[in-house]
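Presented below is the structure to which this report refers.
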Amino acid sequence: MRKKFQYLLITTLLVLGFSTSAAAGFYIGIQGGAGIVPDATGSDADGSANFTYDAGYDGSILLGYNLGEEHPSIGKGRVELEFNTASNDLSGAEFVEGNFGAGGSVERTSIMVNTIGEYTTQSGIIIYALLGLGWAEISLDNVSVLGEPFVDDNNSQLAYQAGLGIGWKLSDHFIFDIGYRYYGTTDPEFTKQDGTNLDYEYASHRILAGLRLDF
C-alpha cells in the first residue's frame with residue numbers, strides 16, 4: 001500500500017510542476033501525516049478483545065473545486081474528492097486471558113467526498129471546517145497473535161470524517177494547510193483463520209499537512 005501511495009504522490013507532484021491551465025475554480029493537492037488508531041475492540045464467539053496499534057502514516061491526493069466569490073448563496077468554501085491510504089502496525093492484543101504480543105497491521109484505502117467551509121481573517125489566515133462521507137476498504141493484514149495466524153481479510157464499509165484546520169497562501173496559487181480530522185467507519189466484519197467471524201471497530205485520528213494548487 002505504501003508503494004501505491006508513492007506512485008500517486010509522484011504523479012501529483014508531476015502535475016503540480018507541469019500543469020499550466022485548468023478550469024477556473026478547480027484545484028489539486030496532496031496531504032500527508034500521521035494516523036493514530038485508538039484501541040480497537042473486536043468480538044467473536046469467544047468474547048471480545050482489544051487491539052493496540054502504533055501511530056502510522058496517512059496520505060491523500062485531492063481533486064476539488066473552490067467556490068470562491070462566485071456562489072454567494074452557498075458561501076465560501078470547497079468541494080473535493082479525496083483519495084486516501086493509511087496504515088498502522090499492530091502492537092498488542094488483550095484477551096480475557098491477558099495481554100499478548102501481536103503482529104500485522106490495519107490498512108485503509110478510501111475515497112471521500114468532502115465539503116469544506118472557509119473563513120479568511122484580515123491577516124490572510126484561512127480557517128476551515130470539513131465534513132466528509134465516502135467508502136473505505138479496511139484490511140487486517142497478516143494479523144498474528146503469539147506468532148500464530150489470527151486474521152488476514154478485508155471488508156468495505158461506509159466512511160465519514162470531520163475536521164478543522166488552518167491554511168496560509170504561499171502565493172497566488174499555492175496554499176499550505178495543517179489540520180486534524182476524526183475518521184470513522186461502520187463496523188467491518190472479518191473472517192478469522194479458523195473460519196469464524198470477527199466483528200471489529202475502526203476509527204483514526206488524522207493529523208495532516210498539505211499543499212494545494214488553485215488554478
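Both backbone and side-chain heavy atoms feed into the values below; hydrogens, waters and symmetry mates do not.
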### Message
Quick one, L131 and N114 - any side-chain contact, counting heavy atoms below 4.5 Å?
### Response
no
### Query
Taking all non-hydrogen atoms of both residues, which atom of A34 and which atom of D58 are closest, and how far apart?
C-CB, 4.1 Å
### Message
I need the minimum non-hydrogen distance between T41 and S48, along with the two atoms involved.
### Response
CG2-CB, 4.5 Å
### Message
Minimum heavy-atom separation for N88 and Y53, please, with both atom names.
### Response
O-CD2, 3.7 Å
### Message
Hydrogens and angles aside, do N84 and Q31 bring a side-chain donor and acceptor to less than 3.5 Å of each other?
### Response
no
### Message
Can you confirm whether I125 sits close enough to W168 that some side-chain heavy atom of one is under 4.5 Å from a side-chain heavy atom of the other?
### Response
yes
### Message
I'd like to check D214 versus F174 (side-chain heavy atoms, cut-off strictly below 4.5 Å). Are they in contact?
### Response
no
### Task
Report the C-alpha distance between K192 and D153 in whole Å, list the side-chain angles of each, state the deciding distance to 0.1 Å, and finish with yes or no for salt bridge (Lys or Arg N to Asp or Glu O under 4.0 Å).
CA-CA 8 Å; K192 295 164 51 181; D153 195 16; over 6 Å; no
### Query
How far does CG of D141 sit from CD of E107, to the nearest 0.5 angstrom?
5.0 Å
### Message
Suppose clustering is done on Ile, Leu, Val, Met, Phe, Trp and Tyr with side-chain heavy atoms closer than 4.5 Å. Which residues sit in the same group as I175?
### Response
I126
### Task
Check the side chains of T109 and E137 for a donor-acceptor pair under 3.5 angstrom, ignoring hydrogens and angles.
no
#### Entry: Near-ring test F26/Y65, centroid separation under 6.0 angstrom
yes
### Task
Compare all side-chain heavy atoms of L81 with those of V113 and state whether any distance is below 4.5 angstrom.
yes
### Task
Begin with the C-alpha distance, continue with both residues' side-chain angles, and end with the deciding distance and a verdict on side chain to side chain contact (heavy atoms under 4.5 Å, CB included) for I61 and I28.
CA-CA 8 Å; I61 288 177; I28 57 177; over 6 Å; no
### Closest contact, heavy atoms only, N154 versus S139
CB-OG, 3.2 Å
### Message
Suppose we screen for ring pair (Phe, Tyr, Trp, His ring centres under 6.0 Å). Which residues come up paired with Y182, at least two apart in sequence or across chains?
### Response
H205
### Message
Does any part of the side chain of F215, heavy atoms only, come nearer than 4.5 Å to the side chain of N66, both counted from C-beta?
### Response
no
### Query
Between S60 and F83, is any pair of side-chain heavy atoms under 4.5 Å apart?
no
### Query
If you look at every heavy atom in I178 and Y128, which pair is closest and at what distance?
O-OH, 3.6 Å
### Task
Kindly work out whether a path of hydrophobic side-chain contacts (I/L/V/M/F/W/Y, heavy atoms less than 4.5 Å apart) joins L211 to I127.
yes
### Query
Can you get from V151 to V145 by hopping between Ile, Leu, Val, Met, Phe, Trp and Tyr side chains that sit under 4.5 Å apart?
yes
### Task
Begin from the C-alpha positions of S43 and Y200 and carry the test side-chain hydrogen bond (donor to acceptor under 3.5 Å, both in side chains) through to its verdict.
CA-CA 7 Å; S43 59; Y200 192 80; over 6 Å; no
### Task
Using the salt bridge (Lys or Arg N to Asp or Glu O under 4.0 Å) rule, collect all pairs that involve residues 77-88, keeping only residues at least two apart or in two chains.
R78-E80, R78-E118, E82-R181, E82-R206
### Query
Taking C-beta and beyond as the side chain, do S105 and L90 meet within less than 4.5 Å on heavy atoms?
no
### Message
Is there a path of hydrophobic side-chain contacts, each under 4.5 Å between heavy atoms, that joins L208 and L213?
### Response
no
### Message
Working to the nearest 0.5 angstrom, can you tell me the gap between S91 OG and D39 CG?
### Response
8.0 Å
### Task
Group every Ile, Leu, Val, Met, Phe, Trp and Tyr by side-chain heavy-atom contacts under 4.5 Å, then state whether Y180 and Y202 land in the same group.
no
### Query
Taking the inter-plane angle between the rings of F95 and F51 on a 0 to 90° scale, is it parallel (under 30°), tilted (30 to 60°) or perpendicular (over 60°)?
perpendicular
### Query
What is the distance from atom OG1 of T121 to atom CD1 of I166, rounded to the nearest 0.5 Å?
9.5 Å
#### Entry: Non-hydrogen atoms of A159 and A136 that approach each other most closely
CB-CB, 3.9 Å
### Query
Looking at CG of N155 and CG of L198, how far apart are the two atoms once the value is rounded to the nearest 0.5 Å?
10.5 Å
### Query
Can you tell if the side chain of D152 reaches within under 4.5 Å of the side chain of Q193, non-hydrogen atoms only?
yes
### Task
Please test R108 against T85 for side chain to side chain contact (heavy atoms under 4.5 Å, CB included), starting from the C-alpha separation and ending with a verdict.
CA-CA 5 Å; R108 182 182 81 237; T85 180; over 6 Å; no
### Nearest-0.5 Å distance that lies between atom CG in N197 and atom CD in E189
4.0 Å
### Message
Nearest 0.5 angstrom please: W135 CH2 to I111 CD1, how far?
### Response
8.5 Å
